[in-house]
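These notes are about the structure you will find just below.
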Amino acid sequence: MNAEKSHEIFARLCTVNPNPRTELVYRTPFELLIAVMLSAQATDKSVNQATARLFARANTPEAILALGEDGLKAHIRTIGLFNTKARNILRTCALLIERHGGAVPRDRAALEALPGVGRKTANVILNTVFGEPTMAVDTHIFRLANRTGLAPGKTPAAVEQGLLNQVPREFQRNAHHWLILHGRYVCTARKPRCPECLIADLCEYPDKTPPHPAPSNTLDHVQH
DNA sequence: ATCCCGAGGG
DNA sequence: CCCTCTGGAT
């Protein structure tokens, strides 16, 4: 996709939502880290419900470790993959205390060394907490990058690199959130709402589902 | 490639 | 019922 087109896409998304923000509810970098770890293959709504209870009880590495495995699981049982997530979070809390004084490190390698933290989660932290123009490629961004033609790629790594090259510098900070929100509410996975999409004319996705049923070629439905 | 895995939508 | 949700580890 050419530069003018991708610029126009983000300019329009910016007009609608000038200051996009994650919909995960958090108060501290540590809370955001835990929330993002919990958000893997889960809706933010589901995560927010659980973290509201969890963070009221424990919102530091020490406090979460004190809950123990069963105690932590009791708070996050309503989230998918909760078994694995609970173990990863406990090990991550221990490592944060051992290596980083209980703080969330501003370093990709250090972040990805935490159990349950991969490239996508590290990119979210680096972007949202530390303001770095990273591109976290999740399920939404992977889908949109390919559908729109912004940055086609077979792997998240390829899409990430493509977006870093394609997104104008002025939009890099917020591009992640714009694509997420557009993917969540308009360019949905199963039934994209192309008729109400504000960048449909710039998109390469072929399926522009018509809003109205195809006209019948008979008059059988007409009342007499 | 496969496993993990609850809740909500269609 | 089936699909999807801000993935990561093996």
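These values consider heavy atoms only, across backbone and side chains, with no hydrogens, waters or symmetry-generated copies.
- In this view, A/Glu170 and A/His7 satisfy the side chain to side chain donor-acceptor pair (under 3.5 Å) rule, not counting sequence neighbours.
- Here the P atom of nucleotide C/dT4 and the CZ atom of A/Arg143 are 9 Å apart, to the nearest Å.
- The interatomic distance linking A/Tyr185 (OH) with C/dC5 (P) rounds to 13 Å, in whole Å.
- Taking atom CG of residue A/Asn123 and atom P of nucleotide C/dT6, one finds them 17 Å apart after rounding to whole Å.
- Distances shown here put every side-chain N or O of A/Ser46 at or beyond 4.0 Å from the OP1 or OP2 atom of B/dG8.
- Taking atom CG of residue A/Leu81 and atom C1' of nucleotide B/dT2, one finds them 13 Å apart after rounding to whole Å.
- Scanning both residues, A/Val137 and A/Pro156, for their nearest heavy atoms gives CG2-O, 3.7 Å.
- Counting non-hydrogen atoms under 4.0 angstrom, A/Val36 reaches nothing in the nucleic acid.
- When each of A/Leu114 and A/Ile180 is assigned the nucleotide of DNA chain C bearing its nearest heavy atom, the one mapping closer to the 5' terminus is A/Ile180.
- Remark: A/Arg99 does not engage A/Asp107 in a salt bridge, criterion side-chain N to carboxylate O under 4.0 Å.
- Regarding A/Asp138, its CG atom lies at a distance of 15 Å from the P atom of C/dT4, rounded to whole Å.
- Residue A/Asn88 places no side-chain N or O under 4.0 Å from the OP1 or OP2 atom of C/dA9.
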